[in-house]
Amino acid sequence: MRPPKTASWINHIPAYRPGKAKEEIAKRYGIENPIKMASNENPLGPSPAALRAIDNYKSKINLYPDTAAEELRIKAAGFFGCKEEQVIVGNGSDEVIDLACRAYLEPGDNAIIPECTFSYYSIASKACGAVIRNVPMDDGLKIDIDSIISSVNNQTKIVFLANPNNPTGLHISGNNLSRLLGSLPDHVLVLLDEAYGLFTRANDFKSGLKFIEDDKRILVTTTLSKSHGLAGLRVGFGIADNAIIEALNRIKPPFNVNLLAQRAGIAALDDTTFLKDTLNTVWNGMDFLCSGFRKLGLEFVPSQTNFVLVKVGKGARSVYEELLKAGIITRYMDSYGLSEYIRISVGMPEENRALMETIGKILG
Ligand SMILES: Cc1ncc(COP(=O)(O)O)c(C=O)c1O
């Protein structure tokens with residue numbers, strides 16, 4: 001018997017490749033407690049307020065959650081400075097990206113995606129039968145705004161921009177974002193992914209949230225996975241003009257955000273101490289890592305996020321593998337076309353120190 005045939009475009013989609021799990025490396029190399037610096041997770045762990053909320057609500061998981069996640073949307077609207085009806089909650093921001101693709105892309109449409117960015121944009125767009133128009137980065141690995149503008153045509157339905165971008169860590173300045181928005185036609189949805197927006201220290205960063213009141217084409221996505229330590233629970237947001245949110249709500253799976261995720265999300269958004277600690281830990285850790293790379297003479301891309309892209313050179317794969325053997329999980333960037341680079345998520349001070357010492361030893 002032959003397996004049923006998928007839609008014709010499905011077979012050509014490469015599955016998402018996550019960072020390696022601690023358990024896998026522990027087992028493979030017999031290491032008791034590997035250090036994971038591969039998936040841009042929160043090094044402090046989860047928000048303690050979120051943990052308490054989970055404890056308080058765990059006896060209620062026999063009940064369906066609020067499908068509209070109203071309390072969480074109200075809390076998010078207060079946090080992000082928008083109206084409740086401008087917010088949708090997803091099972092991670094990945095789900096919001098998926099909903100946007102399903103709502104706006106028809107087979108044969110195209111989606112504009114910078115060449116070096118978060119891989120799920122391409123997967124979710126292709127799953128709708130869309131064609132990807134990849135736009136090369138500029139010489140400094142920045143998103144090339146002019147090339148994005150000139151790549152748009154009548155068939156373009158979504159432009160994807162991560163700001164700041166993963167895996168480069170670079171941001172688009174407010175001026176460049178305004179210029180881009182001023183040049184794109186009305187029929188294009190601009191998905192501005194701000195998964196790392198709270199980590200930016202650049203004065204010229206401007207959140208897409210500042211534009212949504214006047215610009216009905218923008219969908220800002222953001223997440224509690226990184227800044228609030230809830231990656232394992234999956235809580236992400238889409239924030240946009242009501243018309244976009246209404247469209248996404250029409251096709252959203254019922255009860256998409258589970259009960260514990262909703263309660264933890266509400267508590268985490270109120271946990272301002274945890275967010276402050278997170279930002280301080282990440283910023284100090286980033287400064288430590290960058291000064292270490294300078295001392296080793298390693299080139300890196302100055303980052304506005306909680307991870308940094310380091311140019312290790314031709315031997316990058318073997319440096320990555322040596323780090324794995326030493327129990328430190330980073331991300332080798334060949335699948336992003338950056339075969340000389342590894343990406344490192346900022347860890348706790350002792351983890352950052354271990355990483356620098358080990359890289360120093362590997363590079364001699
Ligand atoms: C740029 C970017 N967007 C979205 C996501 C997905 O986040 P979530 O955990 O909210 O699905 C990630 C995760 O690594 C990311 O790097």
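Nearest heavy-atom pair, P114 versus L161, reported as atom, atom and distance to 0.1 Å: CG-CD2, 4.3 Å. Scanning both residues, H12 and P14, for their nearest heavy atoms gives O-CD, 3.4 Å. Taking both residues in full, the closest heavy atoms of P164 and G169 are given as CB-O, 3.9 Å, listed atom of the first, atom of the second, then distance.
Defined by atom type and a distance below 3.5 Å, a donor-acceptor pair is present between the side-chain atoms of D204 and H171. Under 3.5 Å, the side chains of N258 and R234 contain no donor-acceptor pair of N or O atoms. Between the side chains of Q262 and D66, not a single donor N or O lies within less than 3.5 Å of an accepting N or O. Between the side chains of N153 and N110, at least one donor N or O sits under 3.5 Å from an acceptor N or O.
A salt bridge links R263 to E71: one of the charged nitrogens lies within less than 4.0 Å of a carboxylate oxygen. Residues E213 and K83 are paired through a salt bridge, judged by an N-O separation under 4.0 Å between the basic side chain and the carboxylate. Salt-bridge annotation for K252 and D98: absent, with no side-chain N of the basic residue lying under 4.0 Å from a carboxylate O of the acidic one. Between K27 and E23, no side-chain nitrogen of the basic residue sits less than 4.0 Å from a carboxylate oxygen of the acidic one, so the salt-bridge criterion is not met.
Between R343 atom CZ and N40 atom CG the span is 4.0 Å, to the nearest 0.5 Å. To the nearest 0.5 Å, atoms OG (S207) and CD (E194) are separated by 3.5 Å. We find the CG-CD1 distance between N175 and I145 to be 11.0 Å, quoted to the nearest 0.5 Å. In this structure, OG1 on T305 lies 5.0 Å from CE on M286, to the nearest 0.5 angstrom. With rounding to the nearest 0.5 angstrom, the OH atom of Y104 is 14.0 Å from the OG atom of S125. A distance of 11.5 Å separates CG of L260 from NZ of K60, quoted to the nearest 0.5 Å.
The aromatic rings of F255 and Y64 sit parallel to each other, their planes meeting at less than 30°, with 60° as the upper class boundary.
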Check the pair F79 / T222 against side chain to side chain contact (heavy atoms under 4.5 Å, CB included), numbers first and verdict last.
CA-CA 12 Å; F79 185 89; T222 184; over 6 Å; no

What verdict does the salt bridge (charged side-chain N to carboxylate O under 4.0 Å, His left out) test give for E340 and K314, after you've listed the backbone C-alpha separation in whole Å, the side-chain angles of each residue and the deciding distance to 0.1 Å? CA-CA 5 Å; E340 297 193 13; K314 300 242 179 302; 3.1 Å; yes

message: With salt bridge (charged side-chain N to carboxylate O under 4.0 Å, His left out) as the criterion, how do D146 and R179 come out once you've worked through the C-alpha distance, each side chain's angles and the decisive distance to 0.1 Å?
response: CA-CA 9 Å; D146 293 309; R179 188 160 68 80; 2.8 Å; yes

Q: Quick one: do R73 and E70 satisfy salt bridge (charged side-chain N to carboxylate O under 4.0 Å, His left out)? Show the steps, please.
A: CA-CA 5 Å; R73 284 193 299 115; E70 193 176 350; 5.1 Å; no

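L170 has its side chain out of reach of S303: every pair of non-hydrogen atoms, C-beta onward, lies at least 4.5 Å apart.
Between the side chain of N306 and the main chain of V346, no donor-acceptor pair closer than 3.5 Å is present. In this structure a side-chain-to-backbone donor-acceptor pair under 3.5 Å is present from E351 to M348.
A cation-pi arrangement is not found for K126 relative to Y121, the charged atom failing to lie both closer than 6.0 Å to the ring centre and inside a 45° cone about the ring normal.
Checking each of N176, V188, V159, V190 against L181 for a side-chain contact (heavy atoms from CB on, under 4.5 Å) leaves exactly one that passes, namely V190.
Centroid-to-centroid, the aromatic rings of Y196 and F307 come within less than 6.0 Å.
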